[in-house]
Amino acid sequence: MAIAITDATFEEIVLKSDKPVLVDFWAAWCGPCRMVGPVIEELATEYAGKAVVGKVDVDANQEFAAKYGIRNIPTVLTFKNGEVVNKQVGVAPKQTYAESLDAHL
């Protein structure tokens with residue numbers, strides 16, 4: 001299952017991770033976000049132990065959404081060593097997210 005990431009846990013879970021991290025910035029009211037949600041959950045299961053997969057609810061956690069310039073959701077960022085290495089805005093096929101993680105494993 002994807003990890004629920006908050007402003008309070010973002011630094012520890014994402015920025016200090018020694019594994020690649022896929023972060024889905026989403027909101028409950030966002031239709032396209034609900035389409036991406038199941039894909040993110042599948043990736044969390046498939047990459048367990050190899051990468052970290054999490055979700056940030058932008059309504060409840062605005063600090064890092066603002067820091068990374070998230071203006072449209074869903075936006076999925078891939079982090080490696082605390083740096084953004086890939087950005088996908090809008091709905092994309094599962095393979096797009098998987099390739100982003102694979103490139104940094």
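Only this structure's heavy atoms are used, side chains among them; waters, hydrogens and symmetry mates stay out.
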Same cluster or not: [X] versus [Y], using hydrophobic residues (I, L, V, M, F, W, Y) connected whenever any side-chain heavy atoms lie under 4.5 Å apart?
| X | Y | result |
| --- | --- | --- |
| Trp26 | Val76 | no |
| Ile70 | Val14 | yes |
| Ile40 | Met35 | yes |
| Val85 | Val23 | no |
| Ile13 | Leu22 | no |

Would you compute the distance between atom [atom1] of [X] and atom [atom2] of [Y] and round it to the nearest 0.5 angstrom?
| X | Y | atom1 | atom2 | result |
| --- | --- | --- | --- | --- |
| Trp29 | Ile73 | CH2 | CD1 | 4.0 Å |
| Glu99 | Thr96 | CD | OG1 | 6.0 Å |
| Ile5 | Asn61 | CD1 | CG | 9.5 Å |

State, to 0.1 Å, how close Pro32 and Pro74 come at their nearest heavy-atom pair, and which atoms those are.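 Taking every non-hydrogen atom into account, CB-CD, 3.7 Å.
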Across all chains, not counting sequence neighbours, the ring pair (Phe, Tyr, Trp, His ring centres under 6.0 Å) partners of Phe79 are Phe10, Tyr68
Check against side chain to side chain contact (heavy atoms under 4.5 Å, CB included), Val21 and Thr78: CA-CA 6 Å; Val21 185; Thr78 306; over 6 Å; no
Please list all pairs passing the salt bridge (Lys or Arg N to Asp or Glu O under 4.0 Å) test where one or both residues lie in residues 76-93, with sequence neighbours left out. none
Does a side-chain heavy-atom distance below 4.5 Å link Val52 with Pro20? no
Does Lys55 reach the side chain of Ile3, with side-chain heavy atoms less than 4.5 Å apart?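 No, their side chains stay 4.5 Å or more apart.
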Please report the C-alpha distance between Phe25 and Leu77 in whole Å, then the side-chain angles of each, then the deciding distance to 0.1 Å, and finally whether the side chain to side chain contact (heavy atoms under 4.5 Å, CB included) criterion is met. CA-CA 8 Å; Phe25 289 86; Leu77 300 181; 3.6 Å; yes
Please tabulate, for side-chain N and O atoms in residues 41-48, each donor-acceptor pair with protein atoms closer than 3.5 Å (sequence neighbours left out).
unit_1 : atom_1 : unit_2 : atom_2 : d
Glu41  : OE1    : Ala2   : N      : 3.0
Glu42  : OE1    : Lys94  : NZ     : 2.8
Thr45  : OG1    : Glu41  : O      : 3.3
Glu46  : OE1    : Lys94  : NZ     : 3.4
Glu46  : OE2    : Lys94  : NZ     : 2.5
Tyr47  : OH     : Ala98  : O      : 3.3
Tyr47  : OH     : Asp102 : OD1    : 2.7
Tyr47  : OH     : Asp102 : OD2    : 3.4

Verdict with supporting geometry, Lys16 and Glu11, side chain to side chain contact (heavy atoms under 4.5 Å, CB included): CA-CA 6 Å; Lys16 293 182 178 177; Glu11 187 172 338; 3.6 Å; yes
Judged by atom type as modelled, is there a donor-acceptor pair below 3.5 Å linking the side chain of Asp7 to the main-chain atoms of Gln62? yes
